[in-house]
Amino acid sequence: MSRASSIAYPNIALVKYWGKRDEALILPAAGSLSLTVDDLATTTAVEVTDRPGEDIFILNGRAASASATERTSAFLDVIRQQVGDDRAAVVDSTNAGPTGAGMASSASGFAALASAAASAYGLSLDQPALSRLARRGSGSACRSVIGGLAVWHAGDELESFAEPVPGPDLRLVPVIVSGRPKAVSSRRAMRLSRDTSPFYPAWVSSTEETLRQMIAACAAGDIERIGQLTESHALRMHAVIASSTPPVRYLSPASLTVLDAVQELRADGLAAWATADAGPNVCVLTTPGDAGQVAQAMAGLAVSDPAEGAPGPLRILGPGPGAHLIPDPVELTRGAS
Ligand code: 2P0
């Protein structure tokens with residue numbers, strides 16, 4: 001019996017991933033670029049049992065749903081096939097942030113799972129190979145294998161992994177306007193965008209161009225340009241999502257209030273640009289120097305009920321480390337159903 005534990009942090013994309021060209025291998029239609037952050041981590045322990053059979057998946061201290069367990073098992077199968085091992089595993093995973101509310105829990109989740117499960121099954125991987133493996137669980141997870149700024153290459157199966165990119169020191173302030181799980185999964189909504197939005201081809205081709213511009217802006221340390229590209233790209237993604245049939249809309253009135261407030265901060269001379277993933281929560285991109293003022297200005301717009309996932313005083317997220325093994329922090333709950 002062998003076990004391993006890992007920690008991984010969410011990443012927030014500045015150039016978004018939205019759409020696959022290969023669903024089975026999770027190859028994206030275009031490249032993307034993100035910042036792995038230093039809070040809201042997922043910690044995952046994997047214990048390989050001594051028998052084949054059903055895997056057990058405990059999420060946030062409870063038996064996970066059948067669909068979440070199935071997705072975890074399908075991911076473990078990728079590893080089991082590679083190493084020729086059919087033993088089942090017990091996976092115990094805890095998210096510090098809201099699960100399934102558009103705050104990248106699947107990215108930290110599958111990055112931590114890839115790291116811990118590879119080790120528990122005795123698979124030794126370098127960073128690109130671990131990133132490729134994490135991608136098979138959830139596309140954005142390949143970027144959480146990397147610390148700080150990471151670019152995920154569209155590429156083919158062997159070339160589609162994330163790697164570090166040079167850039168300036170950035171901060172993100174998440175403004176949680178709802179802690180509820182999203183109504184439409186990003187996986188499903190992505191498919192709808194690809195299959196039904198008349199804007200999808202332009203989205204894919206313009207994303208490649210935005211990615212080139214973003215990599216150049218990062219290399220130049222041009223925060224103004226990074227911010228403009230970030231906000232514009234996020235709004236384009238939400239436009240593509242809203243233009244699918246049936247339409248999906250992730251941004252809520254509360255999100256729009258935050259977007260307006262961010263625009264006002266800019267008018268007041270602060271470095272502040274908004275981005276939002278597949279949910280109503282907004283992240284404000286800013287600089288280390290302006291982060292305190294941005295967090296203060298946004299505090300009144302975040303939810304205040306802890307049951308809704310309120311973070312209390314707004315957190316300021318900086319660049320965090322890539323997925324890595326840690327000493328076992330938890331006792332696995334044996335026999336959970
Ligand atoms: C991103 N998102 O780049 C974009 C922006 C959400 C909006 O990556 O189907 O959970 O597992 O590959 O990685 C969310 O998509 O989707 C995501 P799958 P994933 O961060």
Side-chain angles (χ1 to χ4, degrees), residues 8-37 40 42 67-68 70-72 74-75 78 95 97-114 131-146 149-154 160-162 172 174 181-195 203-204 207-208 210-211 214 229-242 244 248-251 255 274-283 285 323:
Y9 292 81
N11 67 77
I12 302 297
L14 311 185
V15 176
K16 304 294 189 192
Y17 149 55
W18 193 258
K20 299 177 180 67
R21 62 171 212 284
D22 185 318
E23 298 226 345
L25 293 174
I26 311 197
L27 296 174
S32 55
L33 185 145
S34 62
L35 181 70
T36 296
V37 298
L40 309 170
T42 301
S67 63
E70 209 173 292
R71 196 167 158 189
T72 298
F75 178 76
V78 174
N95 284 325
T99 302
M103 291 302 291
S105 58
S106 76
S108 53
F110 278 100
L113 178 62
S131 176
R132 267 200 304 268
L133 173 65
R135 192 199 77 221
R136 299 291 296 273
S138 194
S140 54
C142 76
R143 300 185 310 231
S144 279
V145 168
I146 312 300
L149 288 167
V151 61
W152 172 17
H153 304 290
S160 191
F161 57 84
L172 285 164
K182 56 198 157 213
V184 186
S185 75
S186 49
R187 189 163 283 194
R188 200 173 136 228
M190 259 183 217
R191 198 176 293 141
L192 270 181
S193 298
R194 185 196 60 199
D195 294 345
W203 157 254
V204 172
T207 294
E208 292 293 6
T210 303
L211 182 61
M214 183 64 90
L229 290 168
T230 296
E231 187 164 309
S232 145
H233 198 255
L235 293 174
R236 285 182 188 182
M237 181 189 76
H238 285 280
V240 172
I241 294 171
S244 62
V248 176
R249 185 171 52 81
Y250 286 120
L251 299 177
S255 325
T275 186
D277 287 334
N281 297 317
V282 177
C283 262
L285 179 70

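All heavy atoms count here, side chains included; hydrogens, waters and symmetry mates do not. Every number for a ligand or one of its atoms is a count from 1 in the order of the listing.
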Side-chain heavy atoms of Pro280 within contact of Leu251, under 4.5 Å: no
Val151 side chain reached by Met214 side chain, heavy atoms, under 4.5 Å: no
Contact partition for Ile12 relative to ligand 1, non-hydrogen atoms under 4.0 Å: neither
Interatomic spacing from CZ in Arg135 to CZ in Phe161 - rounded to 0.5 Å: 10.0 Å
Gap separating the OG atom of Ser186 from the CD1 atom of Ile241, nearest 0.5 angstrom: 8.5 Å
Electrostatic pair Arg194:Glu23 at N-O distance under 4.0 angstrom: yes
Residue, atom name and distance, where the atom is the protein heavy atom closest to atom 5 (C) of ligand 1: Asp277 OD1, 3.4 Å
Ligand 1 atoms in contact with Ala13 (distance to a heavy atom under 4.0 Å): 1 (C), 3 (O), 20 (O)
Side-chain touch Leu35/Asn11, heavy atoms, less than 4.5 angstrom: no
Nearest-neighbour protein heavy atom for atom 13 (O) of ligand 1, which is reported as residue plus atom name and distance: Ser140 OG, 2.7 Å
Proximity flag Arg71 to ligand 1, non-hydrogen atoms under 4.0 Å: yes
Smallest separation among heavy atoms of Glu208 and Ala154, with atom names: OE2-CB, 4.2 Å
Closest protein heavy atom (residue, atom, distance) for atom 8 (O) of ligand 1: Tyr17 CD2, 3.1 Å
Sub-3.5 Å N/O-N/O distance, Asn11 and ligand 1: no
Sub-4.0 Å heavy-atom approach of Arg143 to ligand 1: yes
Contact atoms of ligand 1, heavy-atom distance to Met237 under 4.0 Å: 5 (C), 7 (C)
Under 3.5 Å: donor-acceptor pair, side chain of Ser144, backbone of Ala141: no
Contact check: Arg187 vs ligand 1, nitrogen or oxygen atoms, below 3.5 angstrom: yes
Gly139: numbered ligand 1 atoms lying under 4.0 Å from its heavy atoms: 11 (O), 12 (O), 13 (O), 18 (P)
Rounded distance (nearest 0.5 Å) linking atom CZ of Arg136 with atom OG of Ser131: 13.0 Å
Atoms in ligand 1 with a heavy atom of Ser106 nearer than 4.0 Å: 10 (O)
Under 4.0 Å to a heavy atom of Ile26 - the qualifying atoms of ligand 1, by number: 12 (O)
Side chain to side chain contact (heavy atoms under 4.5 Å, CB included) partner of Leu33, the single match among Thr210, Thr230, Leu229, Leu14: Leu14
Nearest candidate to atom 15 (O) of ligand 1, where distance is taken over non-hydrogen atoms, out of Lys16, Lys20, Met190: Met190
Ser138 contact mode with ligand 1 (heavy-atom cut-off under 4.0 Å): both
Sub-4.0 Å heavy-atom approach of Ser32 to ligand 1: no
Distance from atom 14 (C) of ligand 1 to nearest protein heavy atom, with residue and atom: Ser186 OG, 3.5 Å
Ring center gap for His238 and Trp18 short of 6.0 angstrom: no
